[in-house]
Amino acid sequence: MLDLNLIRTQPDVVLASMARRGLDAPIDEVLSLDARRRALLTEAEQLKAARNAVSKEIGKIKDAAEKQAKIAEQKGVGDKIAALDERLRQVDSEMFTLLSALPNLLDARVPDGKDDSENVVLRTVGPVSTLPFEPKPHWELGTALGIINFEEGVKLTGSRFYVLHGAGARLQRALIAWMLDLHIRQGYTEVYTPFMVKEETMFGAGQLPKFRDNLYRDVEEDLWMVPTAEVPVTNLHRDEILDAADMSKLYTAYTPCFRREKMAAGRDVRGIKRGHQFDKVEMYAFTLPENSDAALEKMREDAELTCAALGLTYRVKQLCAGDVGFAARTTYDIEVWAPGQQEWLEVSSVSNCGDFQARRANVRFRREAGARPEFAHTLNGSGLGLPRTMIAVMENYQQADGSIAVPKVLKPWMGGIEVIR
RNA sequence: GGAGGGAUGGCUGAGUGGUUUAAAGCGACGGUCUUGAAAACCGUUGUGGGGCCUGUCCUCACCGGGGGUUCGAAUCCCUCUCCCUCCGCCA
């Protein structure tokens, strides 16, 4: 949610930022609604002030006849006020609809560009291909080794689902445990959250109303399945006023993620790259406004270290204006090289949301006792999406005979398995 | 699933239609006192919106959420959510 006051005072700045995203934002409509709203509010409040004063007088009148006369005089005022309040409610709701559809302002340093084809590769770390044989894609490796079973996923649930077996399931669990432990060492506090949340919680993280079509929902209980840990973690401090002395607050969370992927129908249908259910370890930060830039760089480094420690070749991209997500002001993507698919896989996306999410979720902080509350800044970054990390590990650690070596850092969780064969 | 009880400010806790303009206590902050501190005493103490005469200013809303009754609602009515106690069932 953008600051209405910013739209009022610097509409041109807001318009320019929206234009960089390729949007024609209805700023004029917002401003005229705002003017109407204030006019209605003034009128309604004057009536309320008068009514309050008279009602107070009535309470003090002792003479019954005089009292009845005064009460009769007041009849009808309530209806007038109710009518104004009703119009105000309508204006408010129109305003809310408009404002909640506007994405975050972009950081000025975000490069221009219309879509993902214009994202900027900042650097590539590691060699792009070193395998001395023809590498296979993970779906062939996984099926041959019996660690990924696609037919079973279809049998149980449908397309885009799969079952992991034996060392495959264990490898994923090892990745999750290792990543969580790594992030804890990097200063994040582990949290385990619900995977289903109420509508308010989805709104607070910026998922609703805009991304409704991509979410699973239980209609009977009105609960929504989380599409990312970012959703519950953002809301951990919803409607709270934090103490500046306790910030930054850094969290890491493992959750499954549920996405309908309606927009991606027919895309990435092979393998485990894009499923309706996948696991992810997330990093999240609540910071003071002046610290969010530094927190973004730290989080990017923490995510990079995860790739590096796994021995994966990766590259860091800065997203261009047209590709930065709805709630973010700036985003880095980290992609790892998958030699079997001959493809860069997006495994992490690290974003600074500024005060955009905090405004929606009403997460504030106080600099000192008595100071006015201010909105916190929030940041989120995947500590790597599991299926894509699995793909990268399988394809990079494959050997000529189709077996897969276990990366060194994961061995403590693999129960002595050195090679999956 | 059944029965009952609750939700009031940072916290505890009064308040059942108009001196409540939400008491009181605790905590926090400021001051007096003190070499310093404690104690004591005095004072301050929420959030959000709007206005202009930009002020130690005026005003509106907020007592779990929403709706209603009334000239007037923390208080009465309806409804939802959450919490607690007991019973049943249960991983």
Side-chain angles (χ1 to χ4, degrees), chain A residues 1-9 30-100 192-204 208 217-224 232 235-247 249 256 355-376:
Chain A
M1 192 76 87
L2 291 180
D3 181 5
L4 179 56
N5 200 41
L6 180 75
I7 299 176
R8 270 207 287 252
T9 53
V30 171
L31 291 174
S32 77
L33 269 179
D34 182 46
R36 267 176 63 203
R37 175 175 172 275
R38 284 189 283 175
L40 284 170
L41 201 57
T42 303
E43 199 181 344
E45 286 191 357
Q46 278 167 357
L47 282 176
K48 284 181 190 176
R51 180 186 67 183
N52 288 349
V54 174
S55 289
K56 198 176 288 185
E57 276 176 47
I58 290 172
K60 288 178 184 160
I61 294 172
K62 295 284 186 280
D63 179 75
E66 196 186 332
K67 193 172 207 161
Q68 280 313 310
K70 205 76 169 172
I71 288 174
E73 213 177 279
Q74 280 296 287
K75 283 204 192 279
V77 173
D79 292 339
K80 252 189 234 170
I81 291 173
L84 284 171
D85 278 347
E86 179 51 35
R87 286 173 64 194
L88 204 50
R89 247 198 302 278
Q90 269 168 27
V91 170
D92 276 343
S93 118
E94 281 174 52
M95 178 70 101
F96 183 79
T97 304
L98 284 181
L99 282 183
S100 51
Y192 170 86
T193 69
F195 305 150
M196 303 165 86
V197 299
K198 50 177 125 174
E199 180 163 336
E200 209 179 339
T201 303
M202 280 293 178
F203 179 84
L208 285 175
R217 178 187 189 190
D218 170 30
V219 175
E220 254 178 75
E221 304 291 340
D222 197 21
L223 291 177
W224 302 73
N235 285 272
L236 277 181
H237 296 297
R238 172 150 52 93
D239 295 324
E240 289 183 16
I241 300 177
L242 304 169
D243 185 350
D246 293 339
M247 296 167 80
K249 287 189 170 293
D355 65 5
F356 187 84
Q357 274 182 333
R359 201 177 287 283
R360 286 190 162 222
N362 195 28
V363 181
R364 294 175 293 171
F365 70 92
R366 218 189 283 280
R367 289 189 186 272
E368 59 203 40
R372 278 203 154 281
E374 299 172 51
F375 288 106

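Computed from a prediction, not measured in an experiment: that's the story for all the values here.
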Task: Qualifying ring pair (Phe, Tyr, Trp, His ring centres under 6.0 Å) pairs with a residue from residues 69-99 of chain A, counting only residues at least two apart or across chains - done: F96(A)-F203(A)

Open item on the list: Check this for me, if you would: do R8(A) and D3(A) make a salt bridge, where the nitrogen-to-carboxylate-oxygen distance has to be below 4.0 angstrom?
Closed with: no

Open item on the list: Could you tell me the Watson-Crick or G-U partner of rG1(B), where both distances fall under 3.5 Å? Say none if there is no partner.
Closed with: rC87(B)

Below 3.5 Å between N/O atoms, which protein atoms pair up with nucleotides 18-20 of chain B? Just atom names and distances, please.
from: rG18(B); atom 1: N2; to: S55(A); atom 2: O; distance (Å): 2.7

Open item on the list: For a quick test of reading the model: is some side-chain N or O of N52(A) closer than 4.0 Å to OP1 or OP2 of rG72(B)?
Closed with: no

- [ ] Hey, could you give me each pair passing side-chain hydrogen bond (donor to acceptor under 3.5 Å, both in side chains) that has a residue in residues 73-83 of chain A? Not counting sequence neighbours.
- [x] none

Open item on the list: Suppose the criterion is ring pair (Phe, Tyr, Trp, His ring centres under 6.0 Å): which pairs have a residue in residues 35-83 of chain A, not counting sequence neighbours?
Closed with: none

Task: Under the side-chain hydrogen bond (donor to acceptor under 3.5 Å, both in side chains) test, residues paired with E200(A) that sit two or more places apart - done: R238(A)

- [ ] Using the test side-chain hydrogen bond (donor to acceptor under 3.5 Å, both in side chains), find all partners of D239(A) that sit at least two apart in sequence or belong to another chain.
- [x] N362(A)

Are any protein N/O atoms closer than 3.5 Å to N/O atoms in nucleotides 49-54 of chain B? If there are, list each pair with its distance.
from: rG49(B); atom 1: O2'; to: R37(A); atom 2: NH2; distance (Å): 3.1
from: rG49(B); atom 1: N2; to: E45(A); atom 2: OE1; distance (Å): 2.6
from: rG49(B); atom 1: N2; to: E45(A); atom 2: OE2; distance (Å): 2.4
from: rG50(B); atom 1: OP1; to: R8(A); atom 2: NH2; distance (Å): 3.0
from: rG51(B); atom 1: OP1; to: R38(A); atom 2: NH1; distance (Å): 3.2

Open item on the list: For E374(A), give me all partners under side-chain hydrogen bond (donor to acceptor under 3.5 Å, both in side chains), at least two apart in sequence or on another chain.
Closed with: R367(A)

Task: Side chain of P373(A) - closest among rC71(B), rG67(B), rG48(B) - done: rG48(B)

TODO: Please collect all salt bridge (Lys or Arg N to Asp or Glu O under 4.0 Å) contacts where either partner lies in residues 44-55 of chain A, sequence neighbours excluded, each pair once.
DONE: K48(A)-D85(A)

- [ ] Provide the Watson-Crick or G-U wobble partner of rA74(B), both distances under 3.5 Å; none if there is no partner.
- [x] none

